[in-house]
Enquirer: 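Supplied in structure tokens, the structure appears directly below.
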There are 2 protein chains.
Amino acid sequence: MTASLAKPETLSKERLRLWLRMLRVTRQVEAALREKLRVEFDSTLPRFDVMAALFREREGLKMNELSKRLRVSNGNVTGIVDRLAEDGLVERIAIEGDRRATLVRLTADGRDAFTTMAAAHEGWVDALLDGVSAEDAHHIGELLHRLPADTGEQRQ
Amino acid sequence: MTASLAKPETLSKERLRLWLRMLRVTRQVEAALREKLRVEFDSTLPRFDVMAALFREREGLKMNELSKRLRVSNGNVTGIVDRLAEDGLVERIAIEGDRRATLVRLTADGRDAFTTMAAAHEGWVDALLDGVSAEDAHHIGELLHRLPADTGEQRQ
DNA sequence: AGTAGATAGTTCAAGCTTAAAATTTCAAGC
DNA sequence: GCTTGAAATTTTAAGCTTGAACTATCTACT
């Protein structure tokens, strides 16, 4: 009748349950945001992410840096930037002294579009996380902060 | 010098920050799991999800129910099940009395494969969420539980 | 100069994902 | 029996995503 037998197994199960719950919540919110972007702005989450990264760097970013910052593959960014460029929202600019690299930058149109979308986006998130007080948000954020066995670099 | 002016704006910003953090953590864990499944079992997360759902229902599920349970589109499930069937891990079974629907079920091979993968999967999650105590897990889980302005049905 | 290796980016094949259209079958009402 | 609409599934077009192969350029060393 050793009372402490139950614990060890419980921990990994408890973590698994947490993971599944996080996954569910994240996917639900993500789906809602994707839907909103599609309907309201005929756009997508990946496009929004790229534009957000570029918005913070007025000077522009190299494809390189962009893919590192978004943590997606190189080839992935190529496609998204291609389509954004087709729509005139970003532009590729040659770099002096290195013909391998290109700088990607928001156009004026791109900045306008992003500003509009970002405001809407914040509102959607606010609505989706309606039940969360500032304290909860802060608290969960803290717990989450040091979560995934930090694989090294990261930028907020 | 009204001291309470800062609050209202902060809440939506705080929620936004929480959302971005959740997104980052989720993606990081997801990427790690995907990588593991690919390298160790030459498989993918969507395949794992489908097999997990079928594992819980020994009798099998209709395409219909499968896509509802996983919260992905109908057509999506078609493709994943196609590929799983090619590999002999699931089978489609005609339903008596309704020629529109088909039942999808794990094969014996499928059950074996899933049992192995599920054990590994739990271990990976356990390792990835290393910093999380049972109490933290429980706590975050609680906070998350009622999170996304519940859009209706859901099954753990 | 010449070459070896690193770096930046694109292309490719495969799979995932969605929304919308199309197909097939079923159920009900006339 | 016919038809009309609902239900289950697949197909399609477009985009996202990855890892791997490929191209072009640059850097450094000899």
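Quick caveat, the model's predicted, so the values are computed rather than measured. In the text below, chain A, chain B and the rest are named by the order of the sequence lines, each starting its count at 1.
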Enquirer: So does Glu122(B) pair up with Arg15(A), basic N to acidic O under 4.0 Å?
Expert: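 Looking at Arg15(A) together with Glu122(B), the answer is no, because their closest N to O distance does not fall below 4.0 Å.
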Enquirer: Can you name the ring pair (Phe, Tyr, Trp, His ring centres under 6.0 Å) partners of His139(B), sequence neighbours left out?
Expert: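 By the ring pair (Phe, Tyr, Trp, His ring centres under 6.0 Å) rule, His139(B) matches His139(A).
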Enquirer: Rounding to a whole Å, what distance do you find between Arg38(B):CZ and dA14(C):P?
Expert: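 Rounding to the nearest Å, CZ of Arg38(B) and P of dA14(C) are 15 Å apart.
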Enquirer: Take the protein atom CG of Asp82(A) and the nucleotide atom C1' of dA14(D), then report the distance between them rounded to whole Å.
Expert: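 Whole-Å distance recorded here is 14 Å.
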Enquirer: Main chain of Arg100(B), side chain of Asp98(B): is a donor-acceptor contact present, judged purely on distance under 3.5 Å?
Expert: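 At least one qualifying donor-acceptor pair exists.
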Enquirer: Measure the distance from CZ on Arg27(A) to C1' on dC16(D) and round it to the nearest whole Å.
Expert: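 Nearest whole value for this atom pair: 15 Å.
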Enquirer: Using modelled atom types and a 3.5 Å cut-off, is there a donor and acceptor pairing between side-chain atoms of Thr102(A) and backbone atoms of Arg92(A)?
Expert: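 Looks like no, no N/O pair under 3.5 Å.
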Enquirer: Between P on dT17(D) and CG on Asn76(B), what's the gap in Å once rounded to a whole number?
Expert: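 In whole Å, dT17(D) P and Asn76(B) CG are 14 Å from each other.
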Enquirer: For Glu35(B), answer base if it contacts any base atom (sugar-phosphate contacts may also be present), sugar-phosphate if it contacts only those atoms, and nothing otherwise; contact means non-hydrogen atoms under 4.0 Å.
Expert: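 Sugar-phosphate only.
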Enquirer: If I take atom CG in residue Leu37(A) and atom C1' in nucleotide dT17(C), what distance separates them, rounded to the nearest angstrom?
Expert: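 Result: 16 Å.
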Enquirer: Quick one: does any side-chain atom of Ser67(B) pair with a main-chain N or O of Asn64(B) as donor and acceptor, under 3.5 Å?
Expert: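 Yes, the answer is positive, given that a donor and an acceptor are paired below the 3.5 Å cut-off.
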Enquirer: Does dA19(C) pair with anything, Watson-Crick or G-U wobble, both distances under 3.5 Å, and if so, with which nucleotide?
Expert: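 Paired with dA19(C), as far as the under-3.5 Å criterion goes, is dT12(D).
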Enquirer: Which residues, if any, of residues 42-49 of chain B bring a heavy atom under 4.0 Å of DNA chain C?
Expert: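 Residues of residues 42-49 of chain B that come under 4.0 Å of DNA chain C are, in numerical order, Thr44(B), Pro46(B), Arg47(B).
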Enquirer: Nearest 0.5 angstrom please: Glu14(B) CD to Ser133(A) OG, how far?
Expert: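 With rounding to 0.5 Å, CD (Glu14(B)) is 9.5 Å from OG (Ser133(A)).
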Enquirer: Look at Arg27(A) together with Glu30(A) and state whether they make a salt bridge at an N to O cut-off of under 4.0 Å.
Expert: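 Not counted as a salt bridge, because no side-chain N and carboxylate O are separated by less than 4.0 Å.
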Enquirer: With a 4.5 Å cut-off on side-chain heavy atoms, are Leu33(B) and Trp19(A) touching?
Expert: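 Side-chain contact under 4.5 Å: yes.
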Enquirer: OP1 or OP2 of dG15(C) less than 4.0 angstrom from a side-chain nitrogen or oxygen of Arg34(B), does that happen here?
Expert: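 For Arg34(B), the contact criterion (side-chain N or O under 4.0 Å from OP1 or OP2 of dG15(C)) is not met.
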Enquirer: Examine distances only and state if a side-chain atom of Arg21(B) and a backbone atom of Gly141(A) form a donor-acceptor pair shorter than 3.5 Å.
Expert: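 Yes, the answer is positive, given that a donor and an acceptor are paired below the 3.5 Å cut-off.
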Enquirer: Round to the nearest Å and state the distance from Leu84(A) atom CG to dA14(D) atom C1'.
Expert: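 The answer, rounded to whole Å, is 15 Å.
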Enquirer: Nearest-Å distance, CD1 (Ile80(B)) to C1' (dG15(C))?
Expert: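 Value for this atom pair: 9 Å.
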Enquirer: Tell me which of Gly79(B) and Gly79(A) sits closer to the 5' end of DNA chain C, going by the nucleotide each one is nearest to.
Expert: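 Its nearest nucleotide lies further toward 5', so the answer is Gly79(A).
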Enquirer: CG of Leu33(B) versus P of dT17(D): gap in Å, rounded?
Expert: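 Going from Leu33(B) (CG) to dT17(D) (P), I get 18 Å.
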Enquirer: At under 4.0 Å between heavy atoms, how does the protein contact nucleotides 3-9 of chain D? Give one character per nucleotide, 5' to 3', with B, S or -.
Expert: ----BSB
Enquirer: Tell me whether the OP1 or OP2 atom of dC26(D) has a side-chain N or O from Arg99(A) closer than 4.0 Å.
Expert: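 Indeed, a polar side-chain atom of Arg99(A) lies that close.
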